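Atoms within a ligand are numbered from 1 in the order they appear, just like the ligands themselves. Everything numeric in this text was worked out from a predicted model, so none of it was measured.
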Amino acid sequence: MPSTLTALLCLGLCLSQMISSQKYTLMKPIIWAKPNSIIPKGNPVTIWCKGIHEAIEYHLLFKGQLSALERQKSHGLMNKVRFPIPAMTLHTAGRYNCIYLSGELWSKPSDPLDLVVTGMYDIPTLSVQPGPEVVSGENVTFHCHLETATNTFFLLKEGRSSRPQQRYGKNQADFFMGPMTPAHRGTYRCFGSYNDFAWSLPSEPVKLLVTGSIGDTSFAPTEPNSYDGEDSWDVYPSTTKTGFQKGPTT
Ligand SMILES: *[C@@H]1O[C@H](CO)[C@@H](O)[C@H](O)[C@H]1NC(C)=O
């Protein structure tokens, strides 16, 4: 019965092909930077790429071109690798991706990682209206000003997870923040940027204090010691010690 045989053969073959093609849909790797992706000129940063245990080689791509690779040594597992950059410069700032090889298949590229170098050229001035001490619900606007013309400004709140806010402006930009909540407390700095990946020196810090509205007894200070000392801001010794030092009084 050749037809039965063929059918059986196909069943086996087709099944194994289905299984192997499922196995070879490689997960996209994850890319990140430590201590973070906004790094002062001259400071080290490490790019991490995480794929799967079966990966045997990783490539770091910079502006779409191969810039470094890591191969499996002996038979160690390699679910993630590190690519150290000893000193951040204009030439190491830009967009990175990573990919990995498993068996004979390359993964898809990771999402992009944008590494920004700060500490270029000038120091902007940051101020806040109506002032650094506001009541919950009040609107606040930060003004960032730079003598030399640029086109983009960034406002960044201290802390690992904060995302920079971006505004366009030639010598100055306003960051309207809307009604304040205690979560907005913290230390802010602004930067002028010369291109997407090269920012100015940071402004002096502005420490924003948001107090509960009058009669609001439910208000409690949040994260009084959220500054963990490991932040990249540590590398600005001339600016971190100055400014508004008044903390929550308990
Ligand atoms: C804050 O700004 C919003 C939007 O512009 C406005 O509607 C609101 O009245 C302002 N609140 C205060 C307290 O000024």
Side-chain angles (χ1 to χ4, degrees), residues 36-40 111-114 116 118-229 231-234 236 238-250:
N36 62 52
S37 58
I38 302 168
I39 300 290
D111 288 336
L113 166 71
D114 288 341
V116 171
T118 67
M120 309 305 293
Y121 318 119
D122 287 318
I123 304 179
T125 334
L126 180 64
S127 61
V128 61
Q129 296 296 328
E133 276 186 73
V134 293
V135 176
S136 254
E138 257 189 285
N139 290 327
V140 155
T141 302
F142 283 93
H143 303 281
C144 188
H145 180 265
L146 195 61
E147 282 302 323
T148 48
T150 177
N151 56 18
T152 311
F153 289 85
F154 291 91
L155 181 71
L156 195 53
K157 189 183 170 199
E158 201 170 79
R160 254 164 225 290
S161 53
S162 75
R163 295 247 146 254
Q165 292 191 50
Q166 184 177 356
R167 297 284 184 281
Y168 297 102
K170 214 169 162 203
N171 285 95
Q172 116 144 33
D174 291 341
F175 297 82
F176 175 77
M177 302 275 285
M180 289 292 102
T181 68
H184 288 97
R185 290 149 149 297
T187 303
Y188 293 81
R189 285 179 179 79
C190 75
F191 297 82
S193 100
Y194 304 98
N195 69 46
D196 287 348
F197 306 108
W199 297 4
S200 70
L201 284 152
S203 66
E204 290 285 308
V206 168
K207 192 158 181 181
L208 186 70
L209 192 66
V210 184
T211 56
S213 47
I214 297 151
D216 179 4
T217 51
S218 66
F219 171 71
T222 51
E223 306 175 66
N225 294 311
S226 65
Y227 183 68
D228 62 12
D231 224 286
S232 63
W233 302 115
D234 270 359
Y236 301 114
S238 61
T239 56
T240 45
K241 298 284 183 285
T242 55
F244 211 76
Q245 285 295 331
K246 202 197 282 177
T249 47
T250 42

Nearest non-hydrogen protein atom, [atom]:
| atom | value |
| --- | --- |
| atom 9 (O) of ligand 1 | N139 ND2, 4.8 Å |
| atom 13 (C) of ligand 1 | G137 O, 3.9 Å |
| atom 4 (C) of ligand 1 | F176 CZ, 4.3 Å |

- Message: Is it the case that atom CZ in F176 sees more than 12 heavy atoms from other parts of the structure closer than 6.0 Å?
- Response: yes

- Task: Verify the contact flag for atom 11 (N) of ligand 1, where contact means a protein heavy atom under 4.0 Å away.
- Result: yes

- May I ask you to decide if K170's main-chain N or O and N151's side chain share a donor-acceptor pair within less than 3.5 Å? no

- Task: Using side chain to side chain contact (heavy atoms under 4.5 Å, CB included) as the criterion, point out the one residue from S193, C190, P124, S203 that pairs with L146.
- Result: P124

- Task: With rounding to the nearest 0.5 Å, note down the distance linking CZ in R189 to NZ in K157.
- Result: 13.0 Å

